[in-house]
Visitor: 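Supplied in structure tokens, the structure appears directly below.
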Amino acid sequence: MPKKITYPSKFEDAKMDVPEAPNVEFSFVVKAPKAYVMDAWHLLKSEGGAIEPITPGNANGKNWAGVAHDMERIINVGGTDVTQIVGNVQTPENGDWHFEWKAGEPYYKMPFPFPLIMKSVHGQATLIDGPGKNETTVKITNRHKPGIALWFTRFAIKSAMPGLSAAAPKRFKNKEFFGAKK
């Protein structure tokens, strides 16, 4: 059965019901190079990951099969499928890598238990080399419309986000890498 398209076809056109300024910001370190972090975060379900594309998105330089500008996709987070649109995918040869996602109101009602955490989000992840060799700092800057309360949203997001790239260190150690498609 074909998946239902939920968001506007362009990432920029998906206007979210979130605050103007970021209200959840934090960072964490993954013991793997940023290419492995990007790879692990956006693995397709068929590759052992959590991503199922709905639309292919628009190729703009390097794109992983699970992330491209204007791609609508399903991501399985903690056993729950969430539909999102991704954009602003940037993977330059030198410098930081970046991608963004939007999910929730006004286009989509988050499945339980996510309404307790958030009603909608415009999230951003920046992958920065270091602090050490073969390590990546992941900086999260999100704008959420909270569920129960913003303190609960911050706690839940800070606890859950590192799990999206948790496979990267093992995949790096085992040299398991799919990489970007051109």
Visitor: About how many Å separate CZ of Phe26 and CG of Asn142, when rounded to the nearest 0.5 Å?
Guide: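 Spacing of CG (Asn142) from CZ (Phe26) equals 6.5 Å.
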Visitor: For Lys45, give me all partners under salt bridge (charged side-chain N to carboxylate O under 4.0 Å, His left out), at least two apart in sequence or on another chain.
Guide: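 Lys45 satisfies salt bridge (charged side-chain N to carboxylate O under 4.0 Å, His left out) with Glu52, Asp81 only.
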Visitor: State the CD1-NE2 distance between Ile85 and His69, to the nearest 0.5 angstrom.
Guide: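 Ile85 atom CD1 to His69 atom NE2 measures 8.0 Å (nearest 0.5 Å).
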Visitor: Do the rings of Tyr7 and Tyr108 sit parallel, tilted or perpendicular, given the 30° and 60° boundaries?
Guide: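 Geometry flag for Tyr108 against Tyr7: tilted rings.
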Visitor: We want to know whether His98 and Thr126 form a side-chain donor-acceptor pair, criterion being a heavy-atom distance below 3.5 angstrom.
Guide: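 Yes, a side-chain donor-acceptor pair sits under 3.5 Å.
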Visitor: Is there a side-chain contact (heavy atoms from CB on, under 4.5 Å) between Leu43 and Arg171? Walk through the geometry before answering.
Guide: CA-CA 11 Å; Leu43 281 177; Arg171 292 176 59 78; 3.7 Å; yes
Visitor: Which label fits Trp101 and Trp41: parallel for a plane angle under 30°, tilted from 30 to 60°, or perpendicular past 60°?
Guide: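 Ring orientation, 0 to 90° scale: tilted.
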Visitor: If you define the side chain from C-beta out and look only at heavy atoms, does anything of Tyr36 sit under 4.5 Å from Lys175?
Guide: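 Counting from C-beta outward, Tyr36 and Lys175 do come under 4.5 Å.
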Visitor: Supply the atom-to-atom distance Thr83 OG1 to Tyr107 OH, rounded to the nearest 0.5 angstrom.
Guide: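 OH of Tyr107 is found 14.5 Å from OG1 of Thr83.
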Visitor: So, are Asp17 and Lys119 salt-bridged, with charged N and O less than 4.0 Å apart?
Guide: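 Salt bridge: no.
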Visitor: How many angstroms lie between CG in Asn88 and NZ in Lys102, if you round to the nearest 0.5 Å?
Guide: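 It is 8.0 Å, given to the nearest 0.5 Å.
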Visitor: What I want to check is whether the side chains of Arg73 and His42 have a donor and an acceptor closer together than 3.5 Å.
Guide: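 Checked: Arg73/His42 side chains pair up, N/O donor to acceptor below 3.5 Å.
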Visitor: Are any of the side-chain nitrogens in Lys145 or Glu105 under 4.0 Å away from the carboxylate oxygens of its partner?
Guide: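 The answer is yes: the pair qualifies as a salt bridge.
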